[in-house]
Amino acid sequence: MLASIFSLNVLQTALELGCIYGLVALALFLSYSILNIADLSTDGCFTLGCAVCCQVALLGHPVLALLAAMAAGVCSGFVTSFLQTRLGVESIMAGIIVNTGLYTINLAVMGFSSNLSLVKTDTVFSLAKGALSFAGGWHALILAALVILAAGAAMLWFLGTRLGLSIRATGDNAAMVRASSIDPAYTITVGLCISGSLTALSGGLLAQYQKSCDINVGTGMVTIALASLIIGETLLGKRTMVRRVIGVVFGSCLYRFIVAVALRFNVPAAAMKLVSALIVAAAISMPAIRSRAAFEKRKQEARLRHAKTYGSSEKEGV
């Protein structure tokens, strides 16, 4: 039974989906961890990228579809940042407003249909299958890995530039950035636009991977990405930017692997949301659990030292 659960096929699928969803986790890393903004428009932005990508791919342009999805994500991020920086709306409320509005926009993009199909349409994965014929059934993983590697490398490079450092400083202390003659509204806008483009790109890739798009495909995406982010930071740490970016992708792949294993245990489809919620809860509470365990370990060591020291003194007194 274990052989069927932890099979190569399960691992391959988990890695493929982990790399695709890793783009959302990377987007949340920029908005949540770097800019310290809770962007709740992620769910709607993911569906927007999925819908736009499907419509353009149906016209026969699968590669251009990904670029169109990213452009749509930039627009979503711009609207979210505009509400925050120009209209004074709180970040959480701005995300909720944009996410709510995107539901209707996504329906309109999909022709007011709840789903779209790409079964008889060329996708980037079908193109990769022909170009990477030597890879056999691994072509989808190679393509997804190349995309996430490119996105991660671009993220590391960008965060090392002057603008990237300004964005990082904005998340740490916006008042200090403003005192340094840098407009925090501009850095927030750039950061959220990049975050939106990555989220929409992930939705576009998933649409072409699954050859379909559903209006509810982005539901719960922000919590899944947050879980992936926290899993990666907990297991790999946050000492360097390279380790943090690698941790984001690793956390996403590990999350998808856990979900795949749950499916292998014949967990009903109706219970998958509960499984996802449990994984998210475990991931979010993991830092507190580790901190508590470290505290208990130090307390136990202190008790042993105390017993050893005073126990020796009592024996010498006797």
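For this chain, numbers begin at 1 and follow the sequence in order.
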(request) I would like to know whether F257 and L15 meet side chain to side chain contact (heavy atoms under 4.5 Å, CB included); could you show each step before the answer? (result) CA-CA 7 Å; F257 179 74; L15 289 176; over 6 Å; no
(request) To the nearest 0.5 Å, tell me how far L278 CG sits from I258 CD1. (result) 11.0 Å
(message) For the backbone of D122 and the side chain of S126, can you confirm whether one donor and one acceptor N or O come within less than 3.5 Å of each other?
(response) no
(message) Before you tell me yes or no, could you show the steps for F29 and L159 under side chain to side chain contact (heavy atoms under 4.5 Å, CB included), namely the whole-Å CA-CA distance, both residues' side-chain angles and the distance that decides it to 0.1 Å?
(response) CA-CA 12 Å; F29 166 72; L159 292 177; 4.1 Å; yes
(message) Keeping T80 on the side-chain end and S76 on the backbone end, is there a donor-acceptor pair under 3.5 Å?
(response) yes
(request) May I ask you to check whether over 12 heavy atoms, not counting those of Y32, lie within 6.0 Å of atom OH? (result) no
(request) Determine whether I224 and V24 make a side-chain contact, defined as any pair of heavy atoms from C-beta on separated by less than 4.5 Å. (result) no
(request) Please answer: with hydrophobic residues joined when any side-chain heavy atoms are less than 4.5 Å apart, are L118 and V124 in the same cluster? (result) no
(request) Report the distance from atom CG of L17 to atom CD of Q12, rounding to the nearest 0.5 Å. (result) 10.5 Å
(request) With the side chain counted from C-beta on, respond yes when M241 and I34 share a heavy-atom pair under 4.5 Å apart, and no when they do not. (result) yes
(message) Give me the atom names and distance for the closest heavy-atom approach of A281 to S285.
(response) O-OG, 2.8 Å
(request) State, to 0.1 Å, how close A51 and M110 come at their nearest heavy-atom pair, and which atoms those are. (result) CB-CG, 3.5 Å
(message) When you measure from the side chain of S33 to the backbone of L30, do you find a donor-acceptor pair of N or O atoms at a distance under 3.5 Å?
(response) no
(request) Report yes or no: do L229 and M155 belong to one cluster of Ile/Leu/Val/Met/Phe/Trp/Tyr joined by side chain heavy-atom distances under 4.5 Å? (result) yes
(message) side chain to side chain contact (heavy atoms under 4.5 Å, CB included) for L163 and F158? Distances and angles first, verdict last.
(response) CA-CA 8 Å; L163 178 57; F158 174 74; 3.9 Å; yes
(request) Indicate yes or no: at least one non-hydrogen side-chain atom of S212 is less than 4.5 angstrom from one of L116. (result) no
(message) Test: salt bridge (charged side-chain N to carboxylate O under 4.0 Å, His left out). Region: residues 244-254. Which pairs qualify, not counting sequence neighbours?
(response) E233-R244
(request) Applying side-chain contact (heavy atoms from CB on, under 4.5 Å), name anything that partners C75, two or more places apart in sequence or on another chain. (result) none
(message) Any heavy-atom pair between the side chains of S228 and V248 that's under 4.5 Å?
(response) no
Side chains of residues 83-101: which donor-acceptor pairs under 3.5 Å do they make with residues two or more places apart or in other chains?
residue: T85; atom: OG1; partner: S81; partner atom: O; Å: 2.7
residue: N99; atom: OD1; partner: G44; partner atom: N; Å: 2.7
residue: T100; atom: OG1; partner: I96; partner atom: O; Å: 2.8

(message) Would a single hydrophobic cluster contain both Y186 and V74, if residues Ile, Leu, Val, Met, Phe, Trp and Tyr are joined by side-chain heavy-atom contacts under 4.5 Å?
(response) no
(request) Please round to the nearest 0.5 Å and tell me the distance separating atom CD1 of I194 and atom OG1 of T189. (result) 11.0 Å
(request) For A65 and C53, work out which heavy atoms get closest and say how close. (result) CB-O, 3.3 Å
(request) Using atom types as modelled and distance alone, determine if a side-chain donor or acceptor of T13 lies under 3.5 Å from a backbone N or O of V10. (result) no
(message) If you define the side chain from C-beta out and look only at heavy atoms, does anything of V147 sit under 4.5 Å from I20?
(response) no
(message) Per the side-chain hydrogen bond (donor to acceptor under 3.5 Å, both in side chains) rule, what does the pair list look like for residues 191-211, sequence neighbours excluded?
(response) E16-Y209
(request) Indicate yes or no: at least one non-hydrogen side-chain atom of Y255 is less than 4.5 angstrom from one of F250. (result) no
(request) Return the minimal non-hydrogen interatomic distance between C45 and L102, and the atom names on each side. (result) N-CD1, 3.5 Å
(message) Quick check for you: to the nearest 0.5 Å, what is the distance between I188 atom CD1 and D39 atom CG?
(response) 11.5 Å
(request) Report the distance from atom CD1 of I215 to atom CG of N115, rounding to the nearest 0.5 Å. (result) 10.0 Å
(message) Quick check: is V245 connected to V242 through a chain of hydrophobic side chains (ILVMFWY, heavy atoms under 4.5 Å apart)?
(response) yes
(request) State the CZ-OG1 distance between F46 and T219, to the nearest 0.5 angstrom. (result) 10.5 Å
(message) Looking at D43 and V222, would you say the former's side chain and the latter's main chain have a donor-acceptor pair under 3.5 Å?
(response) yes
(request) Only pairs at least two apart or in different chains count here, so list each side-chain hydrogen bond (donor to acceptor under 3.5 Å, both in side chains) that has a residue in residues 163-181. (result) T170-T187
(request) Taking salt bridge (charged side-chain N to carboxylate O under 4.0 Å, His left out) as the test, write out the residues that go with K299, two or more places apart. (result) E296
(request) Could you tell me which non-hydrogen atom of L66 sits nearest to which non-hydrogen atom of G204, and how far apart they are? (result) CD2-C, 3.8 Å
(request) Heavy atoms only: give me the nearest V119-S117 pair and the separation to one decimal. (result) CG2-OG, 3.0 Å
(request) Answer with yes or no whether the hydrophobic clustering places F112 together with L48; edges join I, L, V, M, F, W, Y residues whose side-chain heavy atoms lie under 4.5 Å apart. (result) no
(request) Flag the pair Q55 / L58 as yes when at least one side-chain heavy-atom distance between them is below 4.5 Å, and no otherwise. (result) yes
(message) Is the shortest side-chain heavy-atom distance between N216 and Y103 below 4.5 Å?
(response) yes
(request) Apply side chain to side chain contact (heavy atoms under 4.5 Å, CB included) to the pair H139 and I142, showing each step before the final yes or no. (result) CA-CA 5 Å; H139 65 278; I142 293 175; 5.7 Å; no
